[in-house]
Structure formats: structure tokens, C-alpha cells
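Order of the sequence lines fixes the chain letters, A, B, ..., with proteins taken first and strands second; residue numbering starts at 1 for each chain. Quick caveat: nothing in here was measured; it's all calculated off a predicted structure.
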Amino acid sequence: MIGSDPIHCSVLAIDQATLDPAAALTFVSDPAFGGLDLFVGKVRSHNQGREVVGVSYDIHRSLALTVFRQFADEVRGQFGPRIKLYVAHACGRLGIGEIAVVVAAGTPHRDQAFGACRALIEAVKHRAPIWKQEHFADGDSAWSEGCALCGEEPGQKMSDPC
Amino acid sequence: MIGSDPIHCSVLAIDQATLDPAAALTFVSDPAFGGLDLFVGKVRSHNQGREVVGVSYDIHRSLALTVFRQFADEVRGQFGPRIKLYVAHACGRLGIGEIAVVVAAGTPHRDQAFGACRALIEAVKHRAPIWKQEHFADGDSAWSEGCALCGEEPGQKMSDPC
Amino acid sequence: MIVQLALFGAFRDLHREPTLLLEVSGDTVSAVRASFAAHLLGQGHAERSALIRASAFASDQALLHDTEAIPADGRLAILPPVSGG
Amino acid sequence: MIVQLALFGAFRDLHREPTLLLEVSGDTVSAVRASFAAHLLGQGHAERSALIRASAFASDQALLHDTEAIPADGRLAILPPVSGG
């Protein structure tokens, strides 16, 4: 089925490139695959009742690329080996409706594609070194509360929205 | 959030149009939506160990459009009302790797998008008046076994791969 | 009455045209089912009787139960088990 | 030893540069955590102590447990709770 690398991981500076769902679908396609699932995360206009005008993403790029591949390997172990996976995350400031993240999975049958795509975006959301700063219509900005990565020390967790 | 119709349903004759995942993503996008999930079903090169060279889809077009909308309304009831849904199915003969079906859901948060997209493709696969004839490399063709629509009469079901 | 029965899926292979004109004695969907079964039997397709039993009938807008009346325009479709997507 | 600590997320707001040079007395990650907490306290950011406790440390390639040694090149990053996607 697969000759080249079945996993694509990237972090894209938004001033240099845009995330491309079509490229993700092409990457996870294969003559043997009948099911592709794609998730697109976009910046939305409201969060917890406040009007948002943009979001800035801060990313530890080298570590993010490393853990994206680790996540994909985990997902491949669970839903593969006949699978192709794609993860791309934007870095920088995005406006409303712009794409922050694209994740895709291609598999022979749809159940694995849905499961793998979901597992991969959950890992990216909860465990990747990425930070979101929301810019509000009133001029205020705030770093979102997030998921602590030092989970092996439960006493050190903040109240956790994960 | 929504002015115009939040549901798109279509059946496309493959000699006149191709299915367009990008159009599906555009349709289910909304400034208030942070999560889009898209499923693409493609013709795959093997089924149950046999090499496939193409698939012909036969569709009861008017009834399909009616039930696509019914399915979308059901899904909207379960995951909405803040939701946009897209269903398009190809009709005619497709080659390997060509797109047979595109389903997409856009919602404020990803959990609803995944759930809605999955529910919608399951309804299309199991309950829409669509028939698939596989063409094999050895020259043989066969209509796929499917899901009986007369489920209210359990005694009349065939062995059911659904 | 004369019914115009639209054929789909595997039933398409049994008839040159996409629809079949069928003489039905009765006015319910179950009468159409019986007439179509008799017609295929007469054509030497006894092996299709299980497929007919597993099939649904529909107008252009909705599935029709066996106890329902044949639509006034005499047009309906036989839907073998479906396999979309 | 002198550590070059890369700052991310909310910690970026506390310092002009993306990295901070930090004098650390000790050779484990926990010593870096303690030194950074002391540094921010000295800068008047006592309110950040909970965030430091909730943060992880990492090299360019992996998370580092508190008991691990500071990387030989003296470079690491502090990662507050994450919120990607």
C-alpha cells in the first residue's frame, strides 16, 4: 500500500503559508483507502460569550513537530497499519474564520478514519506545545487556560479545561 | 448565526460534475463555528480480497434528495441547532480513487462536528436509495449486498452487512 | 390496474428498460410485490424471490408500507437493499 | 550554571525577549523551576507561581521530568498548560 512516509507533520507560519485542507486530503488518499476523515479547526467569533477578533498561536516548533509524529505513531498503532495521517498547525495571528489546524486520516474503511482523525486532533489539542492568545473586541487579550503537560505530578495541575 | 438554508443536499451525475470537498467545507463554515468535520468516501481498489476496477452507483434521485434532507434534519435535531450540514453523492461509473460521497458538518465545537458528520454518513450508507455495482478486474460485475429498507418487517430481511 | 414500476440496483439487470409496466390485481403495495414476484417467476427468475421479499417500495417522496394504497398516478419504485457511500 | 530558558505562551508577556538567561544553583530541572520562580518573584510576579507549578520543561525534542538533569547545552523551555487547535 505505502511506499513513502505515511505521516505528514507541519507547523506553518501564517505570514508565509496557509493551511490547505485539499493538500491534506490528497496526502491521506491511497487506491486502497475508501474512507478519509478531515478535521478543520477555525478561529471562531465568540468564546465563552466574548466577541473575539483574532487569535495568536505561539508554538514550540521543533518540539511540536516531534510530538505530532509521536501522536501519529500512536494513532497508527491503534488504527493502522493501513493508514495515512496528516497534521498541520498554523503559527502567528489569525483572523475570524481562518484555519488554525488541519488533521486528516485515510484508511480502507470509514470507522478507522473517523477514530484516527479524532484521536489525532485530541492529542494535538491536549498535548502539543501550542498556546493560544485570544484578542477580544474590547481590546483585551488573554492566553487561554489549557492542559498541563506535567500530568505525572497531579498536585501541580491548575483547574483544567481539557 | 444562520440566514440561509443550513443544509445542502445533492446528487451529481459524474459525467456532468465532480464532488468537491472544498465546496463542502465552504458551505459548512460560519464565523461562529470552530470545528468542521468532513468525510470523503472514495472507490477503493480492493473489496473482500477482489481487485476492483470501478464502481457504478445507481440512485433514486428524487427520493434520495428527500431522505438526505430528512437525515440532515434528524442530525440537526441531535447536534444542532447551531450546525451546517452538507451531503453530496455521485451517480454513475467511478474509477479507483474517485469520490463517491462527501459529507460535512460545521459546529461551534469539534465534538458536535464529528458526531454529526458520522451520523450523517451512517444514514446515507444505510438508509438512502443508492445501489453500488462493483466491477472487478476479472471482468465480472456484482451489485453489493446492502441494507434492507423494509426494516419494519424483520422477517423479510436478507443477511445484512449493515 | 397497470402500475409503472421503476427498477433499481440488481433489478435493473432483469429488464431492458428502467421501468416495467405491471398488471396488478389489487390496490395495495403488497399486491405490487406479489405481481412483480409472479412476473419474475414467469421470466425464469425464481432466484430473485428472496430479493423481492427484502425490497421496499417507494413513491418519489417516501417509502410505502405494504398495507398502503398504490399511488394514484400508478408510479412507484422497488428498492432492493441499499449500499450507498 | 547559566541556563537559557525559552519562554512560551503567557510567560512571553513577562519578558522582552523570547529567552531568559537564568542563574541556576543545581543541575536538575527542578532547580530551574525553583530559580525561575524566584526570578519572577523578584520581578514582582508572585501571581505567576501557580502557573510555574503547572508548567512542564522540555528540551527541543522531549519533555523533561523534574528529576532529570539540565541538558548539557544549558538550553530548555518552560511550557505552560497548552491550548492548541
Side-chain angles (χ1 to χ4, degrees), chain B residues 11 39-43 47 55-71 87 89-91 99-103 120-134 141-162, chain C residues 3-20 28-37 40 45-85:
Chain B
V11 171
F39 176 77
V40 175
K42 291 189 166 192
V43 175
N47 193 21
V55 166
S56 294
Y57 284 98
D58 184 22
I59 303 188
H60 188 320
R61 195 173 183 283
S62 59
L63 184 60
L65 290 171
T66 299
V67 302
F68 284 175
R69 185 161 287 272
Q70 287 170 356
F71 301 157
V87 192
H89 204 294
C91 190
I99 300 178
V101 62
V102 171
V103 169
L120 199 45
I121 184 63
E122 295 304 318
V124 170
K125 290 253 183 190
H126 295 152
R127 295 160 52 204
I130 301 174
W131 298 270
K132 176 163 72 173
Q133 185 182 36
E134 289 178 303
S141 289
W143 292 95
S144 297
E145 289 198 15
C147 306
L149 293 180
C150 49
E152 69 279 16
E153 296 154 340
Q156 299 188 348
K157 273 200 170 176
M158 303 187 81
S159 71
D160 198 328
C162 301
Chain C
V3 155
Q4 184 177 325
L5 185 65
L7 306 175
F8 289 96
F11 289 123
R12 282 205 193 267
D13 297 344
L14 306 179
H15 190 64
R16 205 171 305 146
E17 304 294 324
T19 60
L20 173 75
T28 62
V29 170
S30 62
V32 180
R33 190 188 296 275
S35 295
F36 186 57
L40 285 191
H45 291 300
E47 83 288 353
R48 295 298 179 167
S49 55
L51 190 64
I52 296 175
R53 284 195 303 274
S55 295
F57 288 81
S59 70
D60 269 8
Q61 293 304 316
L63 293 182
L64 300 170
H65 289 206
D66 266 31
T67 54
E68 288 187 77
I70 297 168
D73 65 1
R75 296 158 62 104
L76 67 177
I78 181 164
L79 313 179
V82 300
S83 53

Side chain, backbone, both or neither: which part of B:Leu65 has a non-hydrogen atom closer than 4.5 Å to chain C?
neither
In terms of heavy-atom pairs under 4.5 Å, which option from B:Ala128, B:Ser56, B:Ala100, B:Gly41 contacts chain C the most?
B:Ala128
For B:Arg61, which atoms come within 4.5 Å of any heavy atom of chain C: side chain, backbone, both, or neither?
neither
Which atoms of B:His89 are under 4.5 Å from chain C, going by heavy atoms: the side chain, the backbone, both sets, or neither?
side chain
Top contributor to chain C contacts, counting heavy-atom pairs under 4.5 Å, from B:Val101, B:Val102, B:Ile121, B:Thr66:
B:Thr66
Verify side-chain contact (heavy atoms from CB on, under 4.5 Å) between C:Phe11 and C:Leu51, making sure each step is shown before the conclusion.
CA-CA 9 Å; C:Phe11 289 123; C:Leu51 190 64; 3.7 Å; yes
Atom pair CZ/CD1 of C:Phe8 and B:Ile130 - distance to nearest 0.5 Å
11.0 Å
Less than 4.5 Å apart, any side-chain heavy atom of B:Ser144 and any of B:Glu134?
yes
How about C:Val32 and C:Leu5: do any of their side-chain heavy atoms sit closer than 4.5 Å?
yes
Mind checking side chain to side chain donor-acceptor pair (under 3.5 Å) for C:Ser30 and listing every partner two or more places apart, or none if nothing turns up?
C:Thr28
Side chain / backbone / both / neither for B:Trp131 at chain C, heavy atoms under 4.5 Å:
both
Structural part of C:Ala62 lying under 4.5 Å from a heavy atom of chain B:
backbone
Give the table of side-chain donor-acceptor pairs shorter than 3.5 Å for residues 68-83 of chain C, with sequence neighbours excluded, one pair per line with atom names and distance.
from	atom 1	to	atom 2	distance (Å)
C:Glu68	OE2	C:His65	N	2.7
C:Asp73	OD1	C:Arg75	N	3.0
C:Ser83	OG	B:Lys132	N	3.0

